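In this text the structure is predicted, and so the values were computed from the model without any measurement. Throughout, residue positions are numbered sequentially from 1 according to the sequence presented.
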Amino acid sequence: ARVIVKYNSKQDRDVNFLLGRIWKEHDNLSASDYLVNYGYAGEVLLFTKLRLPKKISANTLKLSAHASWLVCAKQCIPGSADLSLTLPVQKDLPALNPDHVQNFDKFRAFLPRTAEAKSIIVQSSGEKIFLTLQNSSSVHKLDFFPNESGKILSLEEQKNFRDDKNQASLRMLAAPGFFSIGKKISGVLVVDDAYALELHEDISAGMVNEVDAIPFSIFLFAFLGGL
């Protein structure tokens with residue numbers, strides 16, 4: 001569920017994940033699809049890093065790329081575009097448009113944060129995978145979006161609950177054939193639809209005692225995303 005951008009430098013780069021409204025559509029997905037996708041509704045800015053040469057002899061620099069994505073409601077339609085932007089090459093920093101600065105600052109704040117060491121514990125027992133966020137007694141909702149498909153089932157199989165230490169936890173179901181213990185799982189953990197954490201953790205053997213379910217509502221949005 002990423003927007004894929006191929007730059008004219010012949011290097012493929014994935015645009016960084018940007019937290020927007022999370023779209024969850026279950027009606028048109030079968031259990032065999034193992035799809036857990038994130039997407040965006042409305043206006044969104046997607047950030048990416050470009051490596052440029054230290055010296056550029058030309059007076060202008062043309063950046064070009066091919067972008068692809070999916071536009072989904074009840075069905076998904078693929079889209080793509082060839083994009084280009086020509087910029088002047090100069091020593092002095094040009095005056096910045098305050099409207100653009102404000103927009104960039106707004107969306108930059110939504111980029112995933114790096115999770116602190118041992119702040120997220122991932123355990124597995126049988127087909128169940130448990131994810132617990134430490135120091136989360138005030139958290140009401142967690143959603144996990146893996147970087148790789150074929151490891152966990154769709155979002156409808158994710159259950160929020162509190163453990164016996166009142167920490168927010170998430171129970172997920174492993175996809176058939178994925179033996180999770182000892183493996184690493186990576187992705188984005190969305191907390192209360194307010195911010196996101198990058199997760200790269202080893203899965204250890206163990207269970208989490210489910211004490212109380214965390215009630216939450218599921219909203220469905222049309223989204224812009226990509227494979």
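Of all heavy-atom pairs between S138 and R162, the closest is C-NH2, 4.4 Å. Across every non-hydrogen atom of V191 and L197, the tightest pair is CG2-CD1, 4.3 Å. Residues A205 and I181 share a closest heavy-atom pair of CB-CD1, 3.8 Å. Scanning both residues, Q167 and N135, for their nearest heavy atoms gives OE1-N, 2.6 Å. Nearest approach of A115 to E198, heavy atoms of both residues: CB-O, 3.4 Å. Closest approach of S80 to W69, counting heavy atoms only: C-CH2, 3.5 Å.
Two residues are said to be in side-chain contact when any heavy atoms from C-beta on lie closer than 4.5 Å; K118 and E201 fail this criterion. Between L63 and L61 the shortest side-chain heavy-atom distance falls below 4.5 Å.
Counted by atom type alone, T132 and S169 present one or more donor-acceptor pairs between their side chains at under 3.5 Å.
Panel note: side chain D192, backbone V139; no donor-acceptor pair is recorded below 3.5 Å. At distances below 3.5 Å, at least one donor-acceptor pair connects side-chain atoms of Q158 with backbone N or O atoms of F144. A donor-acceptor pair under 3.5 Å is formed between the side chain of S136 and the backbone N or O of A168.
Hydrophobic clustering of Ile, Leu, Val, Met, Phe, Trp and Tyr side chains at less than 4.5 Å, counting indirect connections, unites F104 with L111.
Pairs engaging residues 164-189 under the salt bridge (Lys or Arg N to Asp or Glu O under 4.0 Å) rule: R171-E210, K184-D202 [sequence neighbours left out].
Under the salt bridge (charged side-chain N to carboxylate O under 4.0 Å, His left out) criterion, E127 pairs with no residue, sequence neighbours left out. With sequence neighbours excluded, the residues satisfying side chain to side chain donor-acceptor pair (under 3.5 Å) with D105 are R108.
Of the inter-residue distances, the one linking N103 atom CG with L45 atom CG reads 5.0 Å to the nearest 0.5 angstrom. In this structure, the separation between CZ on F161 and CG on L170 is 7.5 Å, given to the nearest 0.5 Å. The CG atom of N59 lies 13.0 Å from the CG atom of L87; values are rounded to the nearest 0.5 Å. With values rounded to the nearest 0.5 angstrom, L189 atom CG is found 8.0 Å from Y195 atom OH. Rounding to the nearest 0.5 Å places CG of L173 at 12.5 Å from CZ of F178. Here the CD1 atom belonging to I185 is positioned 5.0 Å from the CE atom belonging to M172, to the nearest 0.5 angstrom.
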>> Evaluate L85 against K62 for side chain to side chain contact (heavy atoms under 4.5 Å, CB included), listing each step before the verdict.
In response: CA-CA 6 Å; L85 177 66; K62 183 178 180 180; over 6 Å; no
> Going through the distances and angles, do I121 and V208 end up as a side chain to side chain contact (heavy atoms under 4.5 Å, CB included)?
Replying inline: CA-CA 10 Å; I121 299 175; V208 179; over 6 Å; no
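Heavy-atom neighbours of Q90 CD from other residues, nucleotides or ligands within 6.0 Å: above the threshold of 12.
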